[in-house]
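To keep things clear, I will list the structure first and then write my remarks on it.
Quick note on labels: first sequence line is chain A, next is B, and so on, each numbered from 1.
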Amino acid sequence: MDEKYFPEAIEKKWQRVWEERHAFEAREDDPRPKFYCLEMLPYPSGFLHMGHVRNYAIGDALSWYKRLQGFNVLHPIGWDSFGQPAEQAAIKRGVNPRDWTEENIAHMRGQLKRLGVSYDWSREIAAHRPDYYKWDQWFFLKMFERGLAYKKTSQVNWCPKEKTVLSNEQSSGGVCWRCGAAVEKRDLDQWFLRITDYAEQLVADIKEIEAGWPEKVLKRQRDWVGRSEGAYIDFAVKNSDRKIRVFTTRIDTIFGATAVVLSAEHPLVAELLEGSSLKSDVLKFAERVKAARAAKQDPTEEEAKEGINTGALAINPFNGENIPIWVANYVLMEYGTGAVMSVPAHDERDFEFAQKYILPIRQVIAPVSHGQGQAEPVPATGGDQSRVMHSAFTDYGVLINSGQWGGKLSRDAIREMADFAEAKGFGCAAITYRIRDWGISRQRFWGSPIPIIYCDDCGMVPVPMADLPVVLPATAAFTGAGESPLAGVAEFVNTTCPKCQHPARRETDTMDTFVDSSWYFFRYCDPRNDAAPFDPEIIKQWTPVDQYIGGDSHAVMHLIYTRFWTKFMRNLGLVAFNEPVKRLLTQGMVTNRVAGTDDWKAMSKSLGNGVDPDDMIAAFGADASRLFVLFAAPAENELRWIETGIEGAIRFLRRVYTMVWRWHERLSDPVQKRSAAGIEEFSAGARALRRKTHQTIARVTADFEQLHLNTSIALLMELFNALTDFDAAPSSASEADLFAVREALESLVLMLAPISPHVAEEMWEGLGHADGLLGGKAKWPVADPQLARQEELEIPVQVNGKLRSRILAAPDVTEEQLRAAALADEKIRAFIDDHQVLKVIVVPQRLVNVVVR
RNA sequence: GCCGGAGUGGCGAAAUUGGUAUACGCACCAGACUCAAAAUCUGGCGAGGUCACACUCAUGUCGGUUCGAGUCCGACCUCCGGCACCA
């Protein structure tokens, strides 16, 4: 230990020691209980940014904490190394995406090591390496075998700027999730994974994780799956054998249906108009709607409702009424059945539409009167259209004007009417979901090739498992044009059919990179397995993940896909649980002021408000950087970058270091390593220090469990301040004083280790421990409740709820004694002497409140 | 529009879940050290009020419940996210 704190030297030294000792490598033959701590794997853009630093500082703190508590900790890292930026670099600068990616990984690996994150580097994986993406292909084929991977022509979301297909999730809001360009629609043959088969489980299993996941993430997942309970109802088309199936959540309003409305894309539109004089007008209208939708610039903008009457009639199966069939722009083909029953009185959109086109509005639900007891229908207002409604009444209520169902409550009618429809054969209760199948085809080079071969004779043939991986060629022509660059690589495309051995062609699309990240953390458990994605027995030892940490930008995409993938692996018998992640922490963004403005935005190159972690580490050291990032705000909050904050962090570390230096010679002397048992008497000051030490241990431990790292650092600072106040000098300290100081300093150093591990190691060594924090002897401290107990309580005394005095009392003071002491207190007497004491409230060991009049 | 979440000093934030509001840090002010500055150390730091106490007022606003409310209830305001014609 040097007299002065030199972060660079200390950090280099301990990073080397850790590496030599393989300190962070997790072993399967370790009998201790496991803990799997996972951070979202980074895309190797080339440079670590502050968001990474925050993410890994949090995960590393937890990993260290669990290690010191005696857990066998798995803390791995890898690279989400397929994806668009590498391909863009190839297009723009002619570099090879593989070289570009490998260089970036090498650089970022160095940065992570300089940050001192305690990863098990022996398990490092990268998605772009054949030994990884082989298993993407393997899973794909498993899904293909089971009909869960399929190909269909579909309208896809197309980013005109990047010239590629995007998933629904990636084009959420009608803009490309990466570049922000407005997304267009195109027809292409695409591969899909049938995530909709798992829609129900994705909602239902939320109950298994809701204790450990942030509510805001679960809410977004529920919204994304979009489960909706209702019913299908078939409306027969008059003078035809056609039926129109609609989906409704409000079957109780069906007597108020005054139209059936189809979306412009509905397949029945053309058929209905066969031989009708309105045909050309309606088809023109439908085309116009489709064109308007495709051309829409601002996807959030709601178009004015427009529609056209087809002239055809539908028959309401509940009352036999004939109602017109319309086509309108507000009905979406993608949701439900692409057709709705229009109930203007009880749906805002239908109401608006009916007002515009003067369709009848018929009230069939009345508010439940808020009287006592039974619900009473509000009297029907004589005739069906005589009452003018000014807006739709969308609440549940009581059915009126609804034949045999009149007088029933909505919630009963919804159930009974669906049963009735089913019994009569014109409908049934149904659940729909908003979630769509996951389109994974990408017309790109830099991804895992989809292992399918097209043969003129045999059709679509899966690549045999034994032939995996389908390896990407070394390079291709990167033009940036629409088709996958793989299509231009003859050696790749041309192959033979596995079935008939005739010449055949390979699929040239590659997989969405979210496939890679859906199961990567299982691969960490068994990263070099070349016979399977992983050994199920090894998986059993490590998974599920105990704590996952990452940004909430992945709340729906990655975190839904990985839940889906896990459920599929469970169906394959590879894992034995439904949910891969027990606890999830979504850390807040790191923002910085954009120069010349008052806007705080996520750090980015384009905004010029980035702070380079390397610069920060060079200037302040990894330990201070990590301390600052963890201390500045709760992990979930946005973290606004403030230059001066980090100076406070290094100041604290320097003070602690200096304190350890001051004592280390006395304390590292083995003669001083005595237990408390032999010490007869501690001074009041030493007792106070020990009390503070044990109180701090208890509270910091509780904070670590909750990942409240900012407050745990504040507590460590308080303990340090108590040490500063402790009035003893190393040269003259008594044995008891030395003991108290040792206990405080060692606890402080141990609890600081997860946050600033290098300097903690250095100080631990300085305190006379030769084998390091992970040598097996160092243990997370345990609080002794007896020692943490206050010797004397300061009890606030209130008069009428206002603080008027404080009294001192022994911890075992009785209620009676407290009451008497409070009433006898001079300051309190001044407030109560001229008043009548109505009552005295005594909260044992906490507070006294005297109520007077 | 609908659904979440949040409003506490100059700033980032605490508050054992109904019991001393503002812990810890940043910034700032003063003092010590220094020829001086930086660094470091010591002290101060919600607002009003007072020579100093006392006291009064303060957790977005207004009400309520309670001996007691940052915390619970009701209404409203503002900000930040998410979704967006989802039938």
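Looking at heavy-atom distances under 4.0 Å, A:K219 makes contact with a base. Contact annotation for A:F353: no contact, since no heavy-atom pair falls under 4.0 Å across all strands. When heavy atoms are screened at a 4.0 angstrom cut-off, A:R846 is found touching base atoms of the nucleic acid. Within the 4.0 angstrom heavy-atom criterion, no nucleotide atom of any strand lies near A:R853. No contact: A:E215 has no heavy atom under 4.0 Å from any strand. At the heavy-atom level, A:N849 lies under 4.0 Å from base atoms of the strands shown. Here A:V840 lies out of heavy-atom contact (under 4.0 Å) with every strand. Within 4.0 Å of A:D552, counting heavy atoms only, lies no atom of the nucleic acid at all. Nucleic acid contact for A:V340: base, since at least one base atom lies under 4.0 Å from a heavy atom of the residue. Contacts of A:T724 with the nucleic acid, taken as non-hydrogen atoms under 4.0 Å apart, involve only primed sugar atoms and P, OP1 or OP2.
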Determine, step by step, whether A:D825 and A:K827 satisfy the salt bridge (charged side-chain N to carboxylate O under 4.0 Å, His left out) criterion, reporting the C-alpha distance in whole Å, the side-chain angles of both residues, the deciding distance to 0.1 Å, and the verdict. CA-CA 6 Å; A:D825 183 79; A:K827 285 194 201 135; over 6 Å; no
Pair A:E265-A:K290, salt bridge (charged side-chain N to carboxylate O under 4.0 Å, His left out): steps then yes or no: CA-CA 8 Å; A:E265 296 89 348; A:K290 285 186 228 176; over 6 Å; no
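Rounded to whole Å, atom P of B:G68 lies 11 Å from atom CG of A:L838. Going from atom NZ of A:K216 over to atom P of B:C80 covers 16 Å, rounded to whole Å. Between A:I832 atom CD1 and B:C67 atom C1' there is a gap of 14 Å when expressed in whole angstrom units. When the P atom of B:A69 is taken as reference, atom CG of A:N800 falls 11 Å away, rounded to whole Å. Here B:G4 presents its P atom at 20 Å from CD of A:E636, a figure rounded to the nearest Å. Rounded to whole angstrom, the span from the OH atom of A:Y396 across to the C1' atom of B:A87 amounts to 12 Å. In this structure, NZ of A:K305 is placed 11 Å from C1' of B:G1, rounded to the nearest angstrom. Look at CG on A:L709: it is 15 Å from P on B:A13, rounded to the nearest Å.
Residue A:S228 has a polar side-chain atom (N or O) positioned under 4.0 Å from OP1 or OP2 of B:A87. Contact annotation: A:R220 side-chain N/O to B:G5 OP1/OP2 distance is not under 4.0 Å.
Salt bridge A:K4/A:D2: absent, no basic N to carboxylate O contact under 4.0 Å.
A ring-centre distance under 6.0 Å is not found for A:F426 and A:F235. Less than 6.0 angstrom separates the ring centroid of A:W641 from the ring centroid of A:F628. For an aromatic pair to be called close, the ring centres must be under 6.0 Å apart, and A:Y5 with A:W661 fails this.
Nucleotides B:G70 and B:C57 are separated by 16 Å at their C1' atoms, to the nearest Å. For the P atoms, the distance from B:U66 to B:C11 is 36 Å, rounded to whole Å. Rounded to whole Å, the P atom of B:G64 lies 37 Å from the corresponding atom of B:A52. As rounded to the nearest Å, B:C79 and B:A87 have C1' atoms that lie 33 Å from one another. Comparing the P positions of B:C86 and B:A6 gives a spacing of 27 Å, expressed to the nearest Å. One C1' atom belongs to B:G12, the other to B:A39, and the distance between them is 24 Å to the nearest Å. On the C1' atoms, B:U78 is 16 Å away from B:U59, given to the nearest whole Å.
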In B/S/- notation, 5' to 3', how is nucleotides 23-30 of chain B contacted by protein heavy atoms closer than 4.0 Å? BBSSS---
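The residue among A:K802 and A:Q798 whose nearest nucleotide of RNA chain B is located toward the 5' end is A:Q798. Residues A:V851 and A:V848 both approach RNA chain B. Their nearest nucleotides, taken by heavy-atom distance, put A:V848 toward the 5′ side.
Listed by first residue number, the stems of RNA chain B with at least three Watson-Crick or G-U pairs below 3.5 Å are B:1-7 with B:77-83, B:10-12 with B:24-26, B:28-32 with B:40-44, B:46-48 with B:55-57, B:60-64 with B:72-76.
Annotated as syn: B:U17, whose glycosidic dihedral is within 90° of 0. Look at B:G9: its glycosidic torsion is within 90° of 0, and that puts it in the syn range.
A:P754 and A:R626 make their closest contact through O-NH2, 3.6 Å (heavy atoms, listed as atom of the first residue, atom of the second, distance).
Between A:I58 atom CD1 and A:L707 atom CG the span is 7.5 Å, to the nearest 0.5 Å. With values rounded to the nearest 0.5 angstrom, A:F720 atom CZ is found 11.0 Å from A:L752 atom CG. Summarising the geometry, atom OG1 belonging to A:T310 is positioned 7.0 Å from atom CG belonging to A:L262; distances are rounded to the nearest 0.5 Å.
Summarising the local packing, CG of A:D833 is surrounded by more than 12 heavy atoms from other residues, nucleotides or ligands at distances under 6.0 Å.
Closest to the side chain of A:R804, from the set B:A87, B:U56, B:G19, is B:U56.
Note on ring orientation: taking the six-membered ring where Trp is involved, the planes of A:F353 and A:Y357 are tilted (angle from 30° to 60°).
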